[in-house]
Amino acid sequence: MSYSAAGQGNDSSGKRRIRDLLSQPDNLVCADCSAPDPKWASANIGVFICLKCCGVHRSLGTHISKVLSVTLDEWSDDEVDSMIEIGGNASANSIYEAFIPDSFSKPGPDASHDQRMRFIRSKYEHQEFLKPSLRITSVKSPNSSSQQPHLEGMVEFIGLLKVTLKKGTNLAIRDMRTSDSYVVLTLGQQTAKSTVMKSNLNPVWNEELMLSVPRDCGSVKLQVFDYDTFSADDIMGEAGIDIQPLITSAMAFGDPEMFGDMQIGKWLKSRDNALIEDSIINITDGKVKQEVHIKLQNVESGELELELEWLRLDQ
């Protein structure tokens, strides 16, 4: 995995172009439910969407809708160019909603998850409101003469995990006297990567990374690497983060805004995990958060401090 100063500059320029597009009047509300202040986008469809609709888009699979955060994710030049070329919500909706029936009501900002799911699948997956001549033919099953919907990549997501990567301590040396460290998080087929901290064994990131959480998910795999310009990046340790205690606690309490600050769960330190101390799960200011302090495994030294936050799709 690589990272470069040039890549950083291109990413910043691309994000400025995306933010400029987002500031246009038609893009100030979600393309699917009209909720204000959308912070997510479908890069291949060319629309800006809210957090609740984002969860439905992710469940369709990236072959239908590739969802990116306007502020948190790295955008390729092609993804930025695609959004700019389409022009945002008004242009995309003029295509995907061209033949929406007069009697049909789009979901509003307070619509249920099921209502959003039905509408978004009808709009983008089944293309029911598209001009017939523009519809993409369904993939034909090799075992049947009838046409079947293409369901590859369909995943049911139950929430979003926001990981705040706080800092590292006494990380391993992989260059002459130091390391250019970065962190990669993996959950299922998803990965999220932090910025590279040059020549720093005690980096302070304070950086947010986002992962969608599928039903029946496993642990989050955390890896730390040393960035190398001319060779493969060196591993600097790893750890597994069990997010089931966080999910179970969050699900049990439902809407955290209904409760005051309180402890609602705990991930216990054991010989089978990388925890340095018990990891407490709290409701703080109406949010479910968990502080995690881990010792990196399979390496001579290194600790990381993280904060996990659970975001419900139907909140």
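In this text, all values refer to a predicted model and were calculated from it rather than measured experimentally.
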Query raised in the report: So how far is it from Ser199 OG to Asp180 CG, rounded to the nearest 0.5 Å?
Result: 5.0 Å
Query raised in the report: Is there a donor-acceptor pair under 3.5 Å between the side chain of Ser23 and the backbone N or O of Asp20?
Result: yes
Query raised in the report: What distance do Cys54 atom SG and Ile49 atom CD1 have between them, rounded to the nearest 0.5 Å?
Result: 5.5 Å
Query raised in the report: Under a single-linkage definition using a 4.5 Å side-chain heavy-atom cutoff for Ile, Leu, Val, Met, Phe, Trp and Tyr, are Leu268 and Leu246 assigned to the same hydrophobic cluster?
Result: no
Requested in this report: Applying side chain to side chain contact (heavy atoms under 4.5 Å, CB included), run through Ile235 and Val299 and close with a yes or a no.
Outcome: CA-CA 9 Å; Ile235 187 73; Val299 69; over 6 Å; no
Report summary line: side chain to side chain contact (heavy atoms under 4.5 Å, CB included) test vs Val80 passes for just one of Asp77, Ile84, Asp78, namely Ile84
Query raised in the report: Is Asn27 reaching over with its side chain to a backbone N or O of Asn89, donor-acceptor style, under 3.5 angstrom?
Result: yes
Requested in this report: Applying side chain to side chain contact (heavy atoms under 4.5 Å, CB included), run through Ile18 and Phe48 and close with a yes or a no.
Outcome: CA-CA 10 Å; Ile18 292 297; Phe48 293 99; 4.0 Å; yes
Query raised in the report: Do the side chains of Arg17 and Trp75 get nearer than 4.5 Å, heavy atoms only?
Result: no
Query raised in the report: Is it the case that more than 12 heavy atoms not belonging to Lys106 sit under 6.0 Å from its NZ atom?
Result: yes
**Report entry** Minimum heavy-atom distance between Trp267 and Ile241, given as atom pair plus value
**Finding:** CH2-CA, 3.8 Å
Query raised in the report: For Ile95, does its backbone N or O pair with a side-chain atom of Glu97 as donor and acceptor, under 3.5 Å?
Result: no
**Report entry** Sequence-distant partners of Lys266, salt bridge (Lys or Arg N to Asp or Glu O under 4.0 Å), two or more places apart
**Finding:** none
Query raised in the report: Quick check: does any side chain N or O of Asn206 sit under 3.5 Å from a backbone N or O of Lys167, one acting as donor and the other as acceptor?
Result: no
Query - Asp73 side-chain N/O to Leu68 backbone N/O, donor-acceptor pair under 3.5 Å - result: no
Report summary line: Rounded to the nearest 0.5 Å, the CG atom of Asn282 sits from the CD atom of Gln290 at a distance of 9.0 Å
Query raised in the report: Where do Phe253 and Met262 come nearest, in terms of heavy atoms and distance?
Result: CE2-CE, 3.9 Å
Query - Option from Thr164, Asn200, Leu306, Leu304 for which side chain to side chain contact (heavy atoms under 4.5 Å, CB included) with Trp205 holds - result: Leu304
Query raised in the report: Rounded to the nearest 0.5 Å, how far apart are CZ of Arg121 and OG of Ser65?
Result: 13.0 Å
Requested in this report: Side-chain contact test, heavy atoms from C-beta onward, threshold under 4.5 Å: evaluate it for Thr178 versus Asp226 and give yes or no.
Outcome: no
Query raised in the report: Do the side chains of Ile247 and Cys217 get nearer than 4.5 Å, heavy atoms only?
Result: yes
Query - Whether Thr169 side chain and Glu303 backbone form a donor-acceptor pair below 3.5 Å - result: no
Report task. Using atom types as modelled and distance alone, determine if a side-chain donor or acceptor of Ser179 lies under 3.5 Å from a backbone N or O of Ser181. Result -> no
Query raised in the report: Considering all heavy atoms of both residues, which atom of Ala250 and which atom of Ile264 are nearest to each other, and what is their separation?
Result: N-CD1, 4.5 Å
Query raised in the report: Looking only at atom types and distance, does a side-chain atom of Gln297 sit under 3.5 Å from a main-chain N or O of Ala274, one as donor and one as acceptor?
Result: no
**Report entry** Ion pair Glu305/Lys166, N-O distance below 4.0 Å
**Finding:** no
Query - Flag side-chain contact, heavy atom, 4.5 Å: Leu296 against Leu171 - result: yes
Query raised in the report: How many angstroms lie between CD in Gln223 and OG1 in Thr191, if you round to the nearest 0.5 Å?
Result: 10.0 Å
Query raised in the report: Does atom NZ of Lys66 have more than 12 heavy-atom neighbours, drawn from other residues, nucleotides or ligands, at distances under 6.0 Å?
Result: no
Query - Note: Glu300-Arg174 ion pair, threshold 4.0 Å (strictly below) - result: yes
Query raised in the report: Which atoms form the tightest heavy-atom contact between Asn44 and Ile64, and what is the distance?
Result: ND2-O, 2.9 Å
**Report entry** Side chain Glu207, main chain Thr195, donor-acceptor under 3.5 Å
**Finding:** yes
Query raised in the report: Do other residues, nucleotides or ligands put more than 12 heavy atoms under 6.0 Å from the NZ atom of Lys287?
Result: no
Query raised in the report: Is Val29 reachable from Tyr96 through a run of I, L, V, M, F, W or Y residues, each pair having side-chain heavy atoms under 4.5 Å apart?
Result: no
Report summary line: When Val213, Leu160, Val288 are each screened for side chain to side chain contact (heavy atoms under 4.5 Å, CB included) with Leu311, the one that passes is Leu160
Report task. Return the orientation label for the Tyr182 and Phe225 ring planes: parallel under 30°, perpendicular over 60°, tilted otherwise. Result -> parallel
Query raised in the report: Is there a donor-acceptor contact under 3.5 Å from the side chain of Glu128 to the main chain of Ile100?
Result: no
Query raised in the report: Between atom SG of Cys33 and atom CD1 of Ile120, what is the distance when rounded to the nearest 0.5 Å?
Result: 7.5 Å
Report task. Might you point out which heavy atoms bring Gly218 and Ile243 nearest each other, and give the distance in Å? Result -> O-CG1, 4.0 Å
Report task. Determine whether Asn273 and Asp242 make a side-chain contact, defined as any pair of heavy atoms from C-beta on separated by less than 4.5 Å. Result -> no
Query raised in the report: Is any side-chain heavy atom of Val292 less than 4.5 Å from a side-chain heavy atom of Ile294?
Result: yes
Query raised in the report: Hey, quick one: are Phe129 and Ile86 part of the same hydrophobic cluster, counting side-chain heavy atoms closer than 4.5 Å, chains of contacts allowed?
Result: no
**Report entry** Test side-chain hydrogen bond (donor to acceptor under 3.5 Å, both in side chains) applied to Asp32 and His57, Arg116, Lys52, the passing residue
**Finding:** His57
Query raised in the report: Do you know which two heavy atoms are closest between Cys50 and Cys30, and how far apart they sit?
Result: N-SG, 3.4 Å
**Report entry** side chain to side chain contact (heavy atoms under 4.5 Å, CB included) assessment of Arg58 paired with Ser212
**Finding:** CA-CA 8 Å; Arg58 285 183 183 271; Ser212 294; 2.4 Å; yes
Query - Within-4.5 Å side-chain heavy-atom neighbours: Val163 and Leu222 - result: no
**Report entry** Beyond-backbone contact of His113 with Val56, side-chain heavy atoms, under 4.5 angstrom
**Finding:** yes
